[in-house]
Each structure stands twice: as C-alpha cells, then as structure tokens.
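Quick notes on the structure that follows.
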Amino acid sequence: MNMNLLLAGFGGQGILFTGKVIAYAGMLDGQEVSWLPSYGPEMRGGTANCSVCVSDAPIGSPLVTAPDVLVAMNLPSLEKFEPSVVPGGTIIVDSSIVSAGVKRKDVNVIYVPATRLASDNGLKGMANMVILGRMYNDIKFCSEEAFREGIKKSVPARKQELLDNNMTAVDIGIKSGE
Amino acid sequence: MKFQRPHALTKTEFHYCPGCSHGIVHRLVAEAIDELGVEGRTVGIAPVGCAVFAYNYFNCDMVQAAHGRAQAVATGIKRALPDGVVFTYQGDGDLAAIGTAETVHAATRGENITVIFINNAIYGMTGGQMAPTTLPGQVTQTTPYGRSTKDAGHPIRVCEMLATLDGVALAQRVSVDSVKNVKIAKKAIRKAFEYQMEGKGYTIIEVVSVCPTNWGLSMQDSLEWLRGSMLPHYPLGVLKDIGGGKEGKA
Amino acid sequence: MTEKILMKGNEALAEAAILAGCRHFFGYPITPQTELAAHMSKRMPKIGGVYLQAESEVAAINMVIGASAAGARAMTSSSSPGISLKSEGLSYLAGSDLPAVIVNVQRAGPGLGGIQPSQADYWQATRAPGHGDFRLLVFAPSTVQEMVDLVGIAFDLGDKYRMPAIILSDGLLGQMMEPVVMPAGSNTKVPERPWATCGHGGKREHNIINSLYIDPPNMEAITKARFRKYEEIKEKEQRREEYLTDDADVVLVAYGASARISRSAVDMARKEGIKAGLIRPITLWPFPDKAILSKKAAKAFLCVEMSMGQMVDDVRLAINGKKDVIFFGRTGGMVPTPAEVLKEIKKIKGGI
C-alpha cells in the first residue's frame, strides 16, 4: 500500500486531529506513516491542512503534493487542491459547507453533508469524524481494529469523555456510505 | 584596619592601575565570602572590562563571560546550583550598555544572584570611551567635546531603574572613597550575599568608583571629582531593600 | 523496548534529551521550533528540571554556558535567525571547552527569510558558527526516530570531547509526526565533570572556565591542541548511512529531509533500471568524506539539498576533482519532489 492523503479546511474543524487518527491507524497496522501539518501564520484562524502518508515502504517526502485522497472541508481548500489530486484519486467534500461541485471528471468524488449530519445528531464540531467514518467505509485505508484503536490513541487522556461522541460520529459517517 | 589577605583572594597580584577602586572592591567581596564561610560553594563571573582577569584573583570557582552576558551566565549557574552562592562583577559598559537586557531581566526574574556593579563613568579597558554612565559634559575619548545629551543621550541611573522591579531584593549605591564609605560598602556587599543565601531575590551593589588613568586625574583629584561631580548625579544610599538579613529594613 | 508511539519531531527530540539526562533548558520562542520549548516547559517542572524562557536568544545560550559550566547537561533550541544570535555563545562554548546541545530547526534565510523548512544553515553550522578557529559536532537526523537517537549521542560526545554539538534539523522534521520508540530508561548519570565550576568545597584548587588567552604563543598552543582533538574526531566519529551504493553509477549525497526525498528518487531510478544510490551523512561535521571517497564505482555524485548548494562544497572537497559533482536543490522553504530529483539523475545518466 502507498496512500498519500491531504486534509484541508478551516482551523478548528479538526483537520490535524483527523490526520493523526489515520496515521495512528496505519501505524497500528504495521505500516510506515507520517503526518505533517501546515504551520505558521496561516494557522492563526485561517486554513489548516495536513499531509498524511501511509505506506509499506519508508516514507520519503512527508509533504503530500499529489494526493491520492483529498478531504476538502471548505471551499478554498477544494479550489486550491482539486487540481493536485492524482488521476483516479478520490476527493471527499463536506457538501454542507462546500456548495460548489468538483469539476474534474478523472477522480472519484464523495459528497458527505458531514457538518449537517453531525449537528443533526447533537455532535456539533464533529464533522471531521463523520468524514473520517465515511472515508474509512469507502476507502478502507486500514483495518477495523486499527481504525478504532487509532481513534482511542489520538484522543488525549484529558478528553477521554469525548471518545464516545467521536465513535458515534464515525459510525454516522460509515452509515452514510453503506 | 588590619591588613591581611582574605582567603577568598588568590596570591596573584592585581594588574589594576594605581588608585583604581577595583582592588578595594575585590577585597570587600572576598571578605564577605570569608566571613560567611561560603568560598567552597561560591561561583563568580568575571566580565569583559578591566575586571576581566577577576578569575585569577578570586579563590572560588570562576567563569569568564562574554561582554554583557555575566548575568545570563550567572542565571544558568544558579539554576544548576540552587544552593550555590553566585555573584557577577561587572563594569558600567558591560552591565548597563551591552548587557542591559541581561541585567534588567535577571533583576525582574528575581534571580537569586548578587551583582557587584562598578560605576566609574568610563570604559576603562579599551582606553577611556564614553560609558552609559558618563556624565553630561564629561570629556572622554569618544566625547572629546564633552558628552552632549542632545547627541549622546543621558547617563543611566541603574539602581534607581532596577529598584522599580519586583524581583529586586536589594539595590544599594555605595562608594569606597573614604574609610567610612568603605565600611558601608562592606556591610552592603555582605548583606547582598546574605539576602541571596536567604533566597530573597536579586541583589545589586553599585560602587561609584574612580578611574584616575582614564579620567586623566591624580588620585586625589579623582576622589574630588567623584565627590563633586559623580555623587550629585549618583547619590549614595539604599534604593530598595525588602528587609530581612541582619541589617533589617533600611 | 518501549511502545511505538506517534510523536512530533520537536517533541520527540525534547523528550529524548530529558531521557539523556538534560535537566536544564533555556530557550526563546521562534517558529518552527516552538513545540520543543513548549514540551520542555511542560515536562521539566515535573521532573525537577529547569525550563527558563530567556529574554533573548543571546541570553539563552549564555544561560546554557552557565549551566554547563556548573556541570549540568544543558540545551537550547532555536530556528535559523535565532541561531545567528547565538553565534557569540557558540564561540564562547567552543573557546571554553564546554559541552552543550544546540538544536537548529532550520527555516529559510537570509534575514527573517521564511518559516518553511530549509537546509540553508549548513555553512553556518559546519563553517562559521561564530568567530574564531573552532568546530562543532553537527548531527543531521532524517527521521523522528533519528532525532531521538542522536540527542543522546550528541550529549555523550559533547561530554567526551568537551565541545558543543548542534542538531541540525529543519521545519519538516520538527513539525512532522512519525512512529518513534523512546529509549528504555533514563540516563540520569551524567559523566563526571572534574573541571566544572560548581564550588570547590575546599577540596580542590578553584576551577576557571575561560576563553581568554592574552598571550599569543599560549593561545596558539591551546588552539592547536583543540585542533588535534578535532583530527581525532574526524578519524573516529564520521557517521553516515548508505543505500544501494555498492554498484551505483550515480551516487546521491543528501542529509536530513532531502535525504528522505533522495531515497525515494533512488527507488524510482532503480525501477527504471538506473543504478542510483544514496550516501546520507549523519554527521555533517565531521563530514563522512571517507565513505564518499570509497565509492570507486561511482561515475558521478549528485548532491541534493534544500538550499542553493552548501554541502556540495564538502562533497567536492572529498572528491577533490576526481569525479563530477553535480548539485540540485530547492530553496526558500521549497521542498524538492522525488520526481524532480529523478529528472536530475536521468540528466546525469545521459551524460556519463
């Protein structure tokens, strides 16, 4: 396996956390993984993105410039990164935030109304986990066991009370794809 | 006064010019170390300036610091040796020009160190240039027409400035121009070390000093100039004392 | 062995320093090294250590000097512009024969430059970290795991040779998370430092930490003695990793982040039947020139850096005109892609 993912959205949408779960899950599956955030002034209230690589070979550049999978949680991210996705790759869009559609015809597109699904279920702010669940359902970037464990490992000790909600949001995402 | 070399001074002969205040102040620091019995746990920091060779004169462990950095070095030492007694010995250029940031921040952190500050209103080692404490109108190598406050600004009163900071436990200005003042200076230095040992915070003793060589004056005239010109600008006394020690509140 | 965890390079390095016995950290905030200092500020108070945010980079390195002189394992970290400010302290550390570890999480320069990853401080680290005749040990990790592994080595060799060591990292390695295994158990026993100014306790002559030698013949003798030590280090401490170099026509030379990319490019080249290999210097000083010189089969060397070409000087010095040394780099915070490097390999292959 060799999968390069790029996750992008507004700061505060949980972009970096989502990436961390994917990296942890990959690691628990015995894969080589890397996680690299954007950093600096652009992180202060602006857009956030993060590169995640999951591979069975040592990872060269952790900076993903041609993603196999793009998660776009806002319009600027979709506009900025849509052209960089490899042909045959996948773009996942939070369709409750991004009104425009993906223009490219050579990629698979998954629309998930993640923000609405989250808030409809009393899980405000967990659209990222809904997307993550859907991504897992459609792409199966790791084993089920590693996926669940990766979430557990990524939720910091002092926020363990949020673990159940995270799992619920993920399950909503998985269901939306079934 | 009986004249015997304090144990905290080595047998190395001073290199200071005739009439210079450094010799007396070294001796007072060494006497304080002797009296408190702390030579074995004292670390001194020599500056860049005339006192650069202080590491050869004090019998305690010594570190020679970069110009102006003595109090940052002292901070590192004190943080590694909280039970140590740490002092810096610095001139006006070192402490109040190139090392101002280190001085102000060590003071405001309440760093538990003792600073011995020699203010003689001139750069001695490099041959008599303007110092941050050079008086208005004072002629130096780099103020040949006298220090113009319009161009070169005003002298800094270090103790007054530092006395405003909460981390400072003791800020006192002394002189060693007379037997009486030497006795006061000695008490002040000892008190500063005591405060440090009691963990009270930052202590600074400013010694208004003479530099006959670079002032271009005889020893006697230097003392007169110190009293007539420097002391009015740098009045002796306690600028801040949070109390405690054997002296109590000033 | 401890559990494999996912950790940011900056944080992993900080934790590894603690495990290597570092209890004194002095720093100043600057991107992209901030997490390192933040980790120290979180951990040190809990283990009886010292984290102190200094008023300046200059003060921070001088606090390191003080703590090291007093016998402690001390460390500071910064990023390129901040390292420039520390030059004075680096020179004094070397001139006073004091060990310490300095981390540079490189960003683009000169000036305020940029905050994205760069390798443009190679010259600064290996040539002129400060005024005067001296060298520093320079380590170049290329993975988060190696950031962990090299910290302990940097502290140990610094103590062994009584000299400062730099860990030359960059924004990419500092910011990224990778799986890492921390060394089991902590090294709380720091080597004896009989020269330390920690109070003589009435048991010995006073120790002096000093870099001033006013007498030229004495200063020359002391400097020459230091350079004899450097020669010994050049002989004993060169470190590098090689990948597919045995039969390689084109040998890439790259360190740190650009070595990761070069390795991917070597794999791509091999798939196309091109015999490419990689020498990855782990110590930049001493530079692994013996390894480079030993590649008799190589027809050309390609130096890949995130700079306008700095390490390439050392590769050329090692080769001494015997073979072609070609440079490829991106700079200003740009990270080269494996495809770009492959293109360069093919260009060279076409010419030999």
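Chain A is the first sequence line, chain B the second, and so forth, proteins listed ahead of strands; every chain is numbered from 1.
To the nearest 0.5 Å, the span separating CD1 on C/I208 from CZ on B/F53 amounts to 11.0 Å. One distance of note links CG of B/N59 with CD of C/E205; it measures 7.0 Å at 0.5 Å rounding.
Judged purely by atom type and a 3.5 angstrom limit, C/H206 uses its side chain to pair as donor or acceptor with the backbone of B/F58. In terms of modelled atom types and a separation under 3.5 Å, the side chain of C/N207 and the main chain of B/D61 share no donor-acceptor contact.
Within the 4.5 angstrom heavy-atom criterion, atoms from both the backbone and the side chain of B/V63 approach chain C. Only the backbone of C/A196 comes within contact range of chain B, with heavy atoms under 4.5 Å apart. Contacts between B/A65 and chain C at a heavy-atom distance below 4.5 Å involve the backbone alone (N, CA, C, O). For C/H24, the part lying near chain B is the side chain, with the backbone staying farther off; criterion is any non-hydrogen pair under 4.5 Å. For a residue to count as touching a neighbouring chain, one of its non-hydrogen atoms must lie under 4.5 Å from one of that chain's; by this rule C/A69 touches chain B with the side chain only.
The two residues C/V50 and B/R79 make their nearest non-hydrogen contact at CG2-O, 3.8 Å. Nearest approach of C/L212 to B/Y55, heavy atoms of both residues: CD2-OH, 3.6 Å. Across all non-hydrogen atoms, the minimal contact from B/E111 to C/L52 is OE1-CD2, 4.5 Å. Closest approach of B/E102 and C/S56 over heavy atoms only: OE2-OG, 4.5 Å.
Side-chain contact between B/T108 and C/E55 is absent, with no heavy-atom pair separated by less than 4.5 Å.
Of the listed residues (C/S91, C/G49, C/C198), the greatest number of heavy-atom pairs within a distance under 4.5 Å of chain B belongs to C/C198. Annotation: maximal heavy-atom pairing with chain C below 4.5 Å, among B/Q64, B/R41, B/R69, occurs at B/R69. Contact count versus chain C (heavy atoms, under 4.5 Å) is highest, among B/V38, B/T10, B/T75, for B/T75. In terms of non-hydrogen atom pairs under 4.5 Å with chain C, the most contact-rich of B/A101, B/A80, B/G84 is B/A80. If you tally non-hydrogen atom pairs under 4.5 Å between each of C/N210, C/N62, C/I65 and chain B, the highest count goes to C/N62.
Around the NE2 atom of B/H7, the shell of radius 6.0 Å holds no more than 12 heavy atoms that belong to other residues, nucleotides or ligands. Atom OH of B/Y234 has more than 12 neighbouring heavy atoms from other residues, nucleotides or ligands inside a 6.0 Å radius.
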